[in-house]
Protein chains: 2
Amino acid sequence: MPRRSTDTREEIRAVAMELFARNGYAQTSLRQIAERLDITKAALYYHFPSKEDLLAELAQPMVDDLEEFLGRARDLGPDDAPAVLERYLALCHRNRSVLQGMLRDPAALARLDVLTALLYRRLDVDRALVGSDRPADRVRAIIAFGGLQDCVILMGDEPLERYGDAALAAALRALQPG
Amino acid sequence: MPRRSTDTREEIRAVAMELFARNGYAQTSLRQIAERLDITKAALYYHFPSKEDLLAELAQPMVDDLEEFLGRARDLGPDDAPAVLERYLALCHRNRSVLQGMLRDPAALARLDVLTALLYRRLDVDRALVGSDRPADRVRAIIAFGGLQDCVILMGDEPLERYGDAALAAALRALQPG
DNA sequence: GTCTATAGGATGATAGAC
DNA sequence: GTCTATCATCCTATAGAC
């Protein structure tokens, strides 16, 4: 019999996102996803050609988001730090599910060539903000950007208003030369 | 024939540590480990009763280290921040292989109950340092501690002297109330 | 201490009926 | 769109020979 819902495809996306984010890509089997939706694995393959395609589709919004962020962020200096940090925090919060999945299983997302390439390009932004490649300078950017990322991940679905300003202020302090 | 090395057990530990750190626990099979050492999977089972036991043994030094860190860190206030951050950075650096493995596959290490319990207790240290549980205060500790952790992970085997002081200074600035 | 051989199960993916 | 049935491949782990 046909299923009660008209939008199975959307349900698959939602369940997969939740399980990938919670348990990691490799640790999540298609059987688990199918069971949660009360359909068979074979049904999944009607909607998505492969497990990796499913992942790629879930990660696409963040890819686009990063793409735009990096496009804007070229050719900027230390003066732009507050605005850049704020945009990065917002980006992380919008894409927090993908981010949690990445934390749970970076190896999986690393195989998505697009995303890997983008994350490498974030290092260019680091350099632009601290104006150097030396480890002693890079750490300031790592703590600022990485710290914001960690906040989003650890705060879960807490509203951004509840901690965003404090996090930005702390990240900005970390970024300032000592 | 007996193998060229007398200390296969130690070699297994080393190879496993490297592969777990690089590819994650679940993504690393015993076959991969065995092939690298040119022995069979069965030989691994002579030295370690199970894959999980192997993991537990590798994580033990960090468990002990964290145990001691948390023991010392109870009942301290914001004044102790510089010393606590420094000890935390050193701890992360000593155990950077385990830390990288944890990043690659937190789900695996989460099954080691000991380690999970300890990581939860780090939240107590957070509270002690910022003196509050409110999200707007917690983020300062998250950025400071998390940022230091991120530095160690991203710097790989770079000597600590090359970036440690700068990282500590930045983390300390992030921790100060706003 | 290390081997061969294999049990027993899960996984991603496909073919073809309805 | 969803199913049953099945495939090839991988996994952890064990038994027993040498």
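The chains referred to below are lettered A, B, ... by the order of the sequence lines, with proteins before strands, and numbering in each begins at 1. The figures that follow rest on heavy atoms only: side chains count, while hydrogens, waters and symmetry mates do not. Note that this is a predicted model, so its numbers are computed, not measured.
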ring-ring contact (aromatic ring centres under 6.0 Å, His included) contacts touching residues 154-178 of chain A (sequence neighbours left out): none

Angle by which the axis turns from one end of the helix from C:dG1-D:dC18 to C:dC18-D:dG1 to the other, five pairs per end, to 10 degrees: 0°

Separation of atom CD1 in A:I39 from atom P in D:dC3, rounded to whole Å: 7 Å

Test side-chain hydrogen bond (donor to acceptor under 3.5 Å, both in side chains) applied to A:R94 - qualifying residues, sequence neighbours left out: A:D65

Euclidean distance, atom OH of residue B:Y46 to atom C1' of C:dT4 [Å, nearest integer]: 18 Å

Whole-Å distance separating the CD atom of A:Q27 from the P atom of C:dA10: 17 Å

Salt bridge (charged side-chain N to carboxylate O under 4.0 Å, His left out) contacts in which one or both residues fall within residues 54-63 of chain A, not counting sequence neighbours: A:R9-A:E57, A:R13-A:E57

Check: A:I153 main-chain N/O paired with A:Q100 side-chain donor or acceptor under 3.5 Å: yes

Nucleotide C:dT14, atom C1' - distance to CZ of A:F48 in whole Å: 18 Å

Non-neighbouring partners of B:A56 that pass side chain to side chain contact (heavy atoms under 4.5 Å, CB included), sequence neighbours left out: B:L112

Phosphate-side-chain proximity, A:T40 and D:dT4, N/O vs OP1/OP2 below 4.0 Å: no

Counterpart residues, ring pair (Phe, Tyr, Trp, His ring centres under 6.0 Å), relative to B:F20 (two or more places apart): B:Y25

Tell me which donor-acceptor pairs under 3.5 Å the side chains of residues 165-178 of chain B have, and how far apart each pair is, sequence neighbours excluded?
| residue | atom | partner | partner atom | Å |
| --- | --- | --- | --- | --- |
| B:R173 | NE | A:R173 | O | 2.8 |
| B:R173 | NE | A:Q176 | O | 3.4 |
| B:R173 | NH2 | A:A174 | O | 3.0 |
| B:R173 | NH2 | A:Q176 | O | 2.6 |
| B:Q176 | NE2 | B:L172 | O | 3.2 |

Partners passing ring pair (Phe, Tyr, Trp, His ring centres under 6.0 Å) against B:F69 (at least two apart in sequence or in another chain): B:Y88

Least distance between heavy atoms, A:A43 atom then A:H47 atom: O-CD2, 3.3 Å

Atom pair distance, as rounded to whole Å: CG in A:L54 and C1' in C:dG12: 13 Å

Gap between atoms CD and C1', on B:E35 and D:dC10 respectively (whole Å): 12 Å

Can you name the atoms? Protein N/O to nucleotides 11-18 of chain D N/O, anything below 3.5 Å, with the distance.
| residue | atom | partner | partner atom | Å |
| --- | --- | --- | --- | --- |
| D:dC11 | OP1 | B:S29 | OG | 2.7 |
| D:dC11 | OP2 | B:R31 | NE | 2.7 |
| D:dT12 | OP1 | B:K51 | NZ | 3.0 |
| D:dT12 | OP2 | B:L30 | N | 3.1 |
| D:dA13 | OP2 | B:Y45 | OH | 2.6 |
| D:dA13 | OP2 | B:K51 | N | 2.9 |
| D:dA13 | O5' | B:Y45 | OH | 3.2 |

Atom-pair distance (CG on A:D7; C1' on D:dG1), nearest Å: 13 Å

